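Fair warning: this is a prediction, and the values are worked out from it, not measured in the lab. The figures that follow rest on heavy atoms only: side chains count, while hydrogens, waters and symmetry mates do not.
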Amino acid sequence: MLKLVLGGSGSGKTTLLYSRIKARAEQGRRSILLVPEQFTSSTEGRIYRELGDALSGMVESFSFTSLAERILSAEGGAAVQTLSDAGRAVLVRRALEELQDHVHYYYRHRRSAAFCQMAAQTIDELKSAGLSGAQLAELAPDCGPESGKLSELALIFQGYETLLAGTGMDPADRLELAADRLEAALARGELPDFLREREVFIDEFDTFNAPKKRLMGAMLAALPTVTVALCDDGAPMVPGDMGLFSGAKQVAAQLRRFFGGVNKQIGREEYEELLRRDLRHKDAPGLAAVTELLETGTCEVPPAAPEVRLFAAASREEEARCTAAAIRRLMRQGVRCGKMAVVCRNIPDYRAAIRYEFRMADIPLYCDEPTTPEFSAPATAVRALLALLRGADMTENLTILAKTGLCALTEPQVCALENYAYTWSPNAAAWRTKFEKSPKGFGENELSDEDAKTLEDAETARQLLVTAVDELRSKVRGGSAEQVSRELYFCLKKLGAEEQQAALVEAVRTARGIPAAEEAAREWNVVMQLLNEMAHLLGGQGVTFAEYEDLFSLLLRSSDLGHIPQTLDAVVLASAGKMRLDAPDYVFVLGLAEGEFPAAPGEVGL
């Protein structure tokens with residue numbers, strides 16, 4: 001049976017779900033709670049606080065992704081390798097290369113990392129809507145002036161699907177596969193052990209894409225009850241409505257339409273419960289009035305609203321400075337930083353000012369921003385090796401490789417090599433012969449002890465680098481992409497990169513602490529994973545070194561290192577379009593102006 005729990009923000013939907021979960025646990029009945037990915041950690045903590053030590057084991061919390069993985073591990077399919085976001089961008093690039101003359105609008109953008117990422121995101125959105133490349137190709141001719149571009153996008157989508165079939169699985173397809181496995185198990189009269197006699201509660205979602213709906217349908221057919229909480233005031237949906245709850249109303253209507261038929265097929269009824277009271281702001285009349293104003297367009301103005309404060313600032317810098325002062329005052333009053341958040345529409349507009357003011361006020365700040373490993377030492381070393389393989393200048397790339405810090409060379413040896421290369425500008429043949437010229441240049445025939453030591457250091461560095469590079473070149477000549485990836489790793493290993501990286505991580509740990517050391521270690525791990533992904537994506541195909549370098553560079557630019565919070569208690573800086581805050585006590589909204597809240601409509605995408 002499908003149950004809908006509807007109500008505005010703060011009406012007690014989550015509290016109601018937890019009370020029902022607790023009642024089931026007290027009766028010895030198990031439940032499953034589904035929440036968005038970013039809430040899984042905080043949900044585990046709340047389950048323990050609400051149910052206690054004895055009953056919390058009766059509830060399992062999942063995101064749709066982790067639930068799909070649990071189903072696949074029980075029913076088969078978990079071992080199928082899944083592409084990363086960066087891997088999808090590379091497949092889009094390969095699809096464009098394969099199509100060539102069939103694509104006119106987009107072919108010239110094939111070398112643009114931004115375009116490949118955007119095309120991969122567009123394909124992901126299409127898959128989320130339940131469309132395939134063939135379906136898009138059927139729909140494109142009837143789309144007016146944009147039909148040409150849509151037809152080409154459909155070709156790229158179909159090429160992507162063809163390449164994907166031989167390399168792995170799109171992340172969105174894992175939910176579809178999990179639904180397939182669950183439906184097949186149900187057809188056999190079986191069910192995974194962790195789903196038997198469970199009731200599912202779904203909370204904190206604004207919408208459900210096509211794969212999630214299919215998985216929900218499979219669960220609804222297999223389980224006694226699925227309860228979904230939505231932020232909806234319960235009023236009838238009006239066609240063309242663009243109000244605050246219009247999105248949730250559409251989702252509720254889709255669920256009724258989609259699952260109503262399932263309920264009737266299995267002889268079950270729909271059940272809806274509407275919560276109307278604003279429980280969250282019962283002691284905050286100002287916020288209750290703001291909520292009513294946003295929901296209905298009108299509100300009764302309270303006599304006082306100390307919890308809502310407006311401040312007019314002359315600049316973004318002044319906004320940041322006043323926000324830092326207010327947060328510092330709250331910290332002195334004993335408020336935890338983790339209970340405060342700063343929200344703005346566009347983080348790049350405020351990031352520099354916020355970081356400066358918070359650093360001056362000694363306020364811990366967490367702001368997750370995309371950071372690629374493109375300019376990390378491991379990535380630079382790999383790209384230098386690839387440049388040497390395709391015949392680029394040896395002097396420039398060997399010195400770059402030496403200066404990454406990932407070769408088993410001392411600092412004097414690296415300096416001696418660079419100075420010798422700068423002084424004599426050796427060509428490829430000179431790099432492969434012993435260094436015998438004076439480090440000081442022309443006119444210096446007699447070497448002092450210091451010069452002899454410098455020359456010896458330069459020669460030691462030359463031997464290590466050139467021997468490793470020539471050995472790499474001989475092993476990958478005519479080889480496949482998989483072989484290139486493997487030999488690049490072994491070349492780095494021969495140069496001493498693993499030992500040097502371990503020493504660097506230990507030095508960072510001593511100087512800057514464990515979190516900074518973990519960041520340094522993650523750079524190496526991410527780049528090595530990307531080499532592995534190149535081998536997986538291209539497999540036994542033969543590629544030129546230049547093409548491999550282009551694809552690997554695209555993979556680097558499309559990857560995100562991510563950031564681990566340096567402290568458990570920090571103020572969060574979040575974007576209004578993407579934030580999922582965990583019930584903060586104090587929120588500072590920056591840039592509250594016409595056109596930003598709500599944002600003025602704009603064109604995005606391809």
Problem set entry | Any Leu6 side-chain heavy atom under 4.5 Å of Glu273 side chain | no

Exercise. Is the closest side-chain heavy-atom distance between Val342 and Val572 below 4.5 Å?
Worked result: no

For this session: May I ask you to test the Thr225-Leu220 pair for a side-chain heavy-atom distance under 4.5 Å?
Result: no

For this session: Tell me yes or no: between the side chains of Ser9 and Arg280, is some donor less than 3.5 Å from an acceptor?
Result: yes

Problem set entry | Point-to-point distance, once rounded to the nearest 0.5 Å, from CG of Leu131 to CG of Leu139 | 6.5 Å

Problem set entry | Chi angles and distances behind the side chain to side chain contact (heavy atoms under 4.5 Å, CB included) call for Tyr18, Ile47 | CA-CA 8 Å; Tyr18 275 95; Ile47 287 173; 3.8 Å; yes

Problem set entry | Exercise: identify the closest heavy-atom pair between Ile347 and Ala574 | CD1-C, 3.8 Å

For this session: Grab the two heavy atoms, one from Ser558 and one from Ala89, that are nearest each other, plus how far apart they are.
Result: OG-CB, 3.7 Å

For this session: Return the set of residues passing ring-ring contact (aromatic ring centres under 6.0 Å, His included) with Phe588 (not counting sequence neighbours), or none when no residue passes.
Result: none

Check residues 176-195 and write down every donor-acceptor pair under 3.5 Å in which the side-chain atom is one partner and the other belongs to a residue at least two apart or another chain.
from: Glu176; atom 1: OE1; to: Arg214; atom 2: NH1; distance (Å): 2.7
from: Asp180; atom 1: OD1; to: Arg214; atom 2: NH1; distance (Å): 3.2
from: Asp180; atom 1: OD1; to: Arg214; atom 2: NH2; distance (Å): 2.1
from: Arg181; atom 1: NE; to: Gly76; atom 2: O; distance (Å): 2.8
from: Glu183; atom 1: OE1; to: Arg214; atom 2: NH2; distance (Å): 3.2
from: Arg188; atom 1: NE; to: Glu190; atom 2: OE1; distance (Å): 3.3
from: Arg188; atom 1: NH2; to: Glu75; atom 2: OE1; distance (Å): 3.2
from: Arg188; atom 1: NH2; to: Glu190; atom 2: OE1; distance (Å): 3.2
from: Asp193; atom 1: OD1; to: Arg196; atom 2: NH1; distance (Å): 2.8

Problem set entry | Considering all heavy atoms, the nearest Leu96-Ile156 contact | CD2-CD1, 3.5 Å

Exercise. Regarding Thr40 and Thr43, is there a side-chain donor-to-acceptor distance under 3.5 Å anywhere?
Worked result: no

Exercise. Distance-only, no hydrogens or angles: does the Lys13 side chain make a donor-acceptor pair with backbone N or O of Glu204 under 3.5 Å?
Worked result: no

Exercise. Quick one: CD on Gln81 to CG on Leu537, what's the gap to the nearest 0.5 Å?
Worked result: 8.0 Å

For this session: Please check if the side chain of Glu152 supplies one atom and the backbone of Lys149 the other of a donor-acceptor pair under 3.5 Å.
Result: no

Donor-acceptor list for residues 50-58 side chains, cut-off 3.5 Å, not counting sequence neighbours:
from: Glu50; atom 1: OE2; to: Arg46; atom 2: NE; distance (Å): 3.3
from: Ser56; atom 1: OG; to: Gly52; atom 2: O; distance (Å): 3.0

For this session: Decide yes or no for Thr227 and Val200: does some side-chain heavy atom of the first lie under 4.5 Å from some side-chain heavy atom of the second?
Result: no

Exercise. Is any side-chain heavy atom of Pro364 less than 4.5 Å from a side-chain heavy atom of Asp569?
Worked result: no

Exercise. Within a strict 4.5 Å, meaning less than it, do heavy atoms of the Val571 and Ile327 side chains meet?
Worked result: yes

Seminar exercise, completed: Heavy-atom nearest pair, Cys344 first then Tyr350, reads CB-CD1, 3.8 Å

For this session: Answer yes or no: is there a side-chain heavy-atom contact under 4.5 Å between Ile32 and Phe201?
Result: no

Exercise. What heavy-atom pair brings Leu554 and Val90 nearest, and what distance separates the two atoms?
Worked result: CD2-CA, 3.9 Å

For this session: Compare all side-chain heavy atoms of Lys3 with those of Val226 and state whether any distance is below 4.5 angstrom.
Result: no

Exercise. Should Lys127 and Asp173 be marked as a salt bridge (Lys or Arg N to Asp or Glu O under 4.0 Å) after you check the CA-CA gap, both sets of side-chain angles, and the distance that decides it?
Worked result: CA-CA 8 Å; Lys127 291 177 78 68; Asp173 293 337; 3.1 Å; yes

Problem set entry | Gln27 CD: over 12 foreign heavy atoms closer than 6.0 Å | yes

Problem set entry | Pair listing, salt bridge (Lys or Arg N to Asp or Glu O under 4.0 Å) test, anchored in residues 160-170, at least two apart | Arg88-Asp170

For this session: Tell me, with the steps shown, if Leu67 and Leu34 meet side chain to side chain contact (heavy atoms under 4.5 Å, CB included).
Result: CA-CA 8 Å; Leu67 177 64; Leu34 274 177; 3.9 Å; yes

Exercise. If you measure from the Lys or Arg side-chain nitrogens to the Asp or Glu carboxylate oxygens, is any gap between Arg70 and Glu60 under 4.0 Å?
Worked result: yes

Seminar exercise, completed: One should read off an interatomic distance between Thr14 OG1 and Leu33 CG, to the nearest 0.5 angstrom, of 8.5 Å

Exercise. Going from CD1 on Ile202 to CZ on Phe62, what distance comes out if it is rounded to the nearest 0.5 angstrom?
Worked result: 13.0 Å

Exercise. Considering the options Arg198, Arg24, Glu199, which one meets the side-chain hydrogen bond (donor to acceptor under 3.5 Å, both in side chains) requirement together with Ser31?
Worked result: Arg24

Exercise. Any donor and acceptor pair, going by atom type alone, linking the side chain of Ser559 with main-chain N or O of Leu555 inside 3.5 Å?
Worked result: yes

Exercise. Given the rule in the side chain to side chain contact (heavy atoms under 4.5 Å, CB included) test, do Arg276 and Leu274 qualify, once you have shown the distances and angles that lead to the verdict?
Worked result: CA-CA 6 Å; Arg276 296 186 180 276; Leu274 179 60; 2.9 Å; yes

Problem set entry | Counterpart residues, side chain to side chain donor-acceptor pair (under 3.5 Å), relative to Glu44 (two or more places apart) | Ser61

For this session: Ignoring hydrogens and angles, state whether a donor on the side chain of Thr372 or Arg557 is under 3.5 Å from an acceptor on the partner side chain.
Result: no

Exercise. Roughly how far apart are Tyr586 OH and Arg336 CZ, rounded to 0.5 Å?
Worked result: 13.0 Å

Problem set entry | Side-chain donor-acceptor pair present, Thr82, Arg174, cut-off under 3.5 Å | yes

Exercise. Is there a side chain to side chain contact (heavy atoms under 4.5 Å, CB included) between Met331 and Cys337 once you walk through the steps?
Worked result: CA-CA 7 Å; Met331 290 172 64; Cys337 291; 3.7 Å; yes

For this session: Looking only at non-hydrogen atoms, find the nearest pair between Leu279 and Gly12 and report the distance.
Result: CD1-CA, 4.2 Å

Exercise. Is a salt bridge present between Glu319 and Arg316, judged by a nitrogen-to-oxygen distance below 4.0 Å?
Worked result: no

Exercise. Sub-3.5 Å donor-acceptor pair from the side chain of Glu37 to the main-chain atoms of Ser63, do we have one?
Worked result: no

Exercise. Can you list the residues that meet the ring-ring contact (aromatic ring centres under 6.0 Å, His included) rule with Phe208, with sequence neighbours excluded?
Worked result: Phe205

For this session: Can you measure from NZ (Lys282) to CG (Asp278) and round to the nearest 0.5 angstrom?
Result: 10.5 Å

